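Report on the structure given below.
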Protein chains: 2
Amino acid sequence: MTVEPIKLTVDTVALAAQEGQLEIVLIRRKHDPFKTMWALPGGFLHEHDESVEQAAARVLLEETNVGDVYLEQLFTFGDKHRDPRARVVTVSYLALLRQDDLKLIASSDASGVAWWPVLDLPKLAFDHKRIIEYAHQRIKYKIEYSAAAFSLLPEKFTLRDLQSVYEAVLGRPVDNRNFRKKFLKLGVLQELDETTQQGSFRPAKLYRFDQKEFEQLPDRPVFSF
Amino acid sequence: MTVEPIKLTVDTVALAAQEGQLEIVLIRRKHDPFKTMWALPGGFLHEHDESVEQAAARVLLEETNVGDVYLEQLFTFGDKHRDPRARVVTVSYLALLRQDDLKLIASSDASGVAWWPVLDLPKLAFDHKRIIEYAHQRIKYKIEYSAAAFSLLPEKFTLRDLQSVYEAVLGRPVDNRNFRKKFLKLGVLQELDETTQQGSFRPAKLYRFDQKEFEQLPDRPVFSF
DNA sequence: CGAGACAAACGTTACAAATACGCTTATTAA
DNA sequence: TTAATAAGCGTATTTGTAACGTTTGTCTCG
């Protein structure tokens, strides 16, 4: 009896924080199985001259036109029947997109690529729902002890922007005053000489994330609110 | 041009805390490449009727005779040239062994299976050193917000035993009095009516881990010292 | 041009947790 | 009986968290 080789794929959960909620890039499948259903951007790892992570980056670029993003391996899903056709093991990744990156994505049903709120997903192909839940949990934890939030923001941002990212990811409101106090004390925010000008209210100071200062912090700094 | 399919393996970092230090099970390779070098217990995933995790459990049992242990996926290593022969991607696992399990392992060079201190490893095959470092980091973090320590202990243990596990994993001494105070306050230790009798000093009370109570704790309880 | 609305920004207090360290108790060996 | 040692108990100080009140700057509208 000849045994089919096990196939390897990569699938990426690409997240962004938009208007206070967490959103994910999904693509509409053009082929069976699960034709016309929504799924994670992903594909087979057939190239032999790239690492698994490079494959994830390549596939994400090919399918959604998003490149140069924060990318981190999540988990490898290898249940027996997760693909109805054959034995397929997938290595999943988490990508964090800045608001700048959003424009790159032609977000329309017609193009087959669209943003969906993580808390209100459509029916998904394969075990992709489970992969998204895993990613959601990961980013929730991660934002409390890493600089992940800054991968979801443009270079310059206000304290409100930063807080909105935390609220989007954690899925709950955060106390304004304690948030600001704690973050400023950490010393990882570089205050700029600029402010937001638009808007009909008081302009807010702009900040930049200070990578150097961040690296001075202890092993697992605590950004919990 | 015909392309070789990518092969999948599993490799397991099996740890135990012995006499205040963290140790790992390694096997001596019988075949090339890296013949006679030490390596992680692991092997190809060729069976089609098992999940990746089941494969890891099976291979660990086959190679070291250790079964029924805590097993958790770590990371999938997929660099291009991590195996000199072919394109091999490996899914790594962390196993935590109780002191009871240690006996199961015929620990001798002759049998090709041996315990090694994590802080003083031999030269290792493939990228296994990197995998062990990853596992070491993971258990260090994990022991501070999970019940991982209890997977390294027998059912009944003293507070000293528990502290020794923390010291072995963290690689540093921990304050005796604060450790005891904090753990007792958490309420996850069930005090038994037994004490240790042997030894030339004051007998210590025995405790049991209370899974039920542990589940009552918040999302990420803090066991840091 | 003054009042109202609103977000930005600053501050205080009470409580809980982490840290550092001193001391007492029960056991065995000599 | 006492010296040695680990087991076990207690207190003071510092640090961090959580909850909330207040002031400041800008725009809009009458």
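Since we're looking at a predicted model, the values are computed, not measured. Chain letters run A, B, ... following the sequence lines, proteins first and then strands; every chain starts at 1.
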Would you call the rings of F183(B) and F225(B) parallel, tilted or perpendicular, where under 30° means parallel and over 60° means perpendicular? parallel
Students often mix this up, so state it plainly: with edges at 30° and 60°, are the rings of W38(A) and W116(A) parallel, tilted or perpendicular? perpendicular
How long is the span from the [atom1] atom in [X] to the [atom2] atom in [Y], to the nearest 0.5 Å?
| X | Y | atom1 | atom2 | result |
| --- | --- | --- | --- | --- |
| L26(A) | I132(A) | CG | CD1 | 5.5 Å |
| E191(B) | D210(B) | CD | CG | 12.5 Å |
| S151(A) | E72(A) | OG | CD | 9.5 Å |

What's the [atom1]-[atom2] distance between [X] and [N], to the nearest Å?
| X | N | atom1 | atom2 | answer |
| --- | --- | --- | --- | --- |
| F179(B) | dA20(C) | CZ | P | 16 Å |
| Y207(B) | dA7(D) | OH | P | 11 Å |
| K205(A) | dA7(C) | NZ | C1' | 14 Å |
| F223(B) | dA17(C) | CZ | C1' | 15 Å |
| N176(B) | dC21(C) | CG | P | 14 Å |
| R180(B) | dC21(C) | CZ | C1' | 16 Å |

Count the heavy atoms of every other residue, nucleotide or ligand shown that sit under 6.0 Å from CD of Q216(A), and state whether that count exceeds 12. yes
Please check if atom CD in Q197(B) has more than 12 non-hydrogen atoms from other residues, nucleotides or ligands closer than 6.0 Å. no
Yes or no on side-chain contact (heavy atoms from CB on, under 4.5 Å) for V10(A) and T12(A), after CA distance, side-chain angles and deciding distance? CA-CA 7 Å; V10(A) 285; T12(A) 300; 5.5 Å; no
Pairs where residues 53-66 of chain B contributes a residue and the test salt bridge (charged side-chain N to carboxylate O under 4.0 Å, His left out) is met, not counting sequence neighbours: E50(B)-R58(B), R58(B)-E62(B)
Under the side-chain contact (heavy atoms from CB on, under 4.5 Å) rule, what do L170(A) and E167(A) come out as? Steps first, then yes or no, please. CA-CA 5 Å; L170(A) 297 175; E167(A) 293 178 330; over 6 Å; no
Please write out each protein N/O paired with an N/O of nucleotides 10-13 of chain D under 3.5 Å, distance rounded to 0.1 Å.
{"residue": "dT11(D)", "atom": "O4", "partner": "K181(B)", "partner atom": "NZ", "Å": "2.8"}

Using a 4.0 Å heavy-atom cut-off, write out nucleotides 24-30 of chain C from 5' to 3' as B (base contacted by protein), S (sugar-phosphate only) or - (no contact). -BBSS--
Please determine which of T195(B), L153(B), L206(B) meets the side chain to side chain contact (heavy atoms under 4.5 Å, CB included) test together with T158(B). L206(B)
Dump every N/O contact between nucleotides 15-17 of chain D and the protein below 3.5 Å, one line per pair.
{"residue": "dT17(D)", "atom": "OP2", "partner": "K182(A)", "partner atom": "NZ", "Å": "3.4"}

Listed partners of A149(B) passing side-chain contact (heavy atoms from CB on, under 4.5 Å), at least two apart: I143(B), L162(B), V165(B), Y166(B)
Pull out every residue in residues 157-172 of chain B that has a heavy atom closer than 4.0 Å to any atom of DNA chain D, ordered by number, or say none. R160(B)
Could you check whether any side-chain heavy atom of V25(A) comes within less than 4.5 Å of a side-chain heavy atom of V66(A), counting everything from C-beta outward? no
